[in-house]
Amino acid sequence: WAAKSEDITVTLLDGKTKEGKSWVSTPQDIAKSISSQLPDRMFAAKVNDTLWDMTRPLEGDCTLEFLDWDSTEAQKIFWHSSAHILGCSMEWLYGAKLSTGP
């Protein structure tokens, strides 16, 4: 992917822009360029209004919003992921079969 990398412009909610590389730069990288502590407070991001993992590379020019605990969407992501971890733990510890999927 790095071979296909191009310079991109990331526009933040306040209108400021950051430079990055497509298929290389991540929301976490952009957050680190703003403040070293910012990535630690964020659960996820929204890229062009689409939920995005903090470590997923950006694909091109985009708008970027960071989601912290105050965001309802971040809370839903956290509780959903927590449910998966709890389910995996129950299956591993107790041999439970909580569900089977396709």
side-chain contact (heavy atoms from CB on, under 4.5 Å) with D7: which residues, sequence neighbours excluded? K21

Qualifying residues under side chain to side chain donor-acceptor pair (under 3.5 Å), relative to N48, sequence neighbours excluded: T63

I would like to know whether E19 and T9 meet side-chain contact (heavy atoms from CB on, under 4.5 Å); could you show each step before the answer? CA-CA 5 Å; E19 299 304 313; T9 301; 3.6 Å; yes

CZ of R56 to CG of L51: how many Å apart, nearest 0.5 Å? 10.5 Å

For L12 and F66, what are the C-alpha separation, side-chain angles and deciding distance, and is it a side-chain contact (heavy atoms from CB on, under 4.5 Å)? CA-CA 9 Å; L12 305 173; F66 297 111; 4.3 Å; yes

Quick one: do Y94 and L86 end up in the same hydrophobic cluster if we chain Ile, Leu, Val, Met, Phe, Trp and Tyr together by side-chain heavy atoms under 4.5 Å apart? yes

Under a 4.5 Å side-chain heavy-atom rule over Ile, Leu, Val, Met, Phe, Trp and Tyr, are M90 and L93 clustered together? yes

Please enumerate all residues that pass ring pair (Phe, Tyr, Trp, His ring centres under 6.0 Å) together with F43, with sequence neighbours excluded. W69, F78

Would you compute the distance between atom OG1 of T17 and atom CG of L64 and round it to the nearest 0.5 angstrom? 12.0 Å

Check for me, please, whether I77 and M42 land in the same ILVMFWY cluster - side-chain distances under 4.5 Å, paths through other members count. no

So do P57 and V24 actually touch side chain to side chain, heavy atoms under 4.5 Å? no

To the nearest 0.5 Å, tell me how far D29 CG sits from I34 CD1. 11.5 Å

Separation between NZ of K46 and CG of L13, rounded to the nearest 0.5 Å: 9.5 Å

Rounded distance [0.5 Å steps], CD in E65 versus CG in D14: 11.5 Å

For M54 versus A31, what's the shortest heavy-atom pair and its separation? CE-CB, 4.3 Å

Taking all non-hydrogen atoms of both residues, which atom of V47 and which atom of C62 are closest, and how far apart? CG1-CB, 3.7 Å

Here the gap from Q28 atom CD to D40 atom CG, rounded to the nearest 0.5 Å, amounts to 8.0 Å

Identify whether W52 and L67 are in the same connected component of the hydrophobic contact network (ILVMFWY, side-chain heavy atoms under 4.5 Å). no

Identify the heavy atoms of G20 and S25 that sit nearest to each other, and give their distance. CA-OG, 3.4 Å

Can you give me the closest heavy-atom contact between K4 and S22, atom names plus distance? O-OG, 3.8 Å

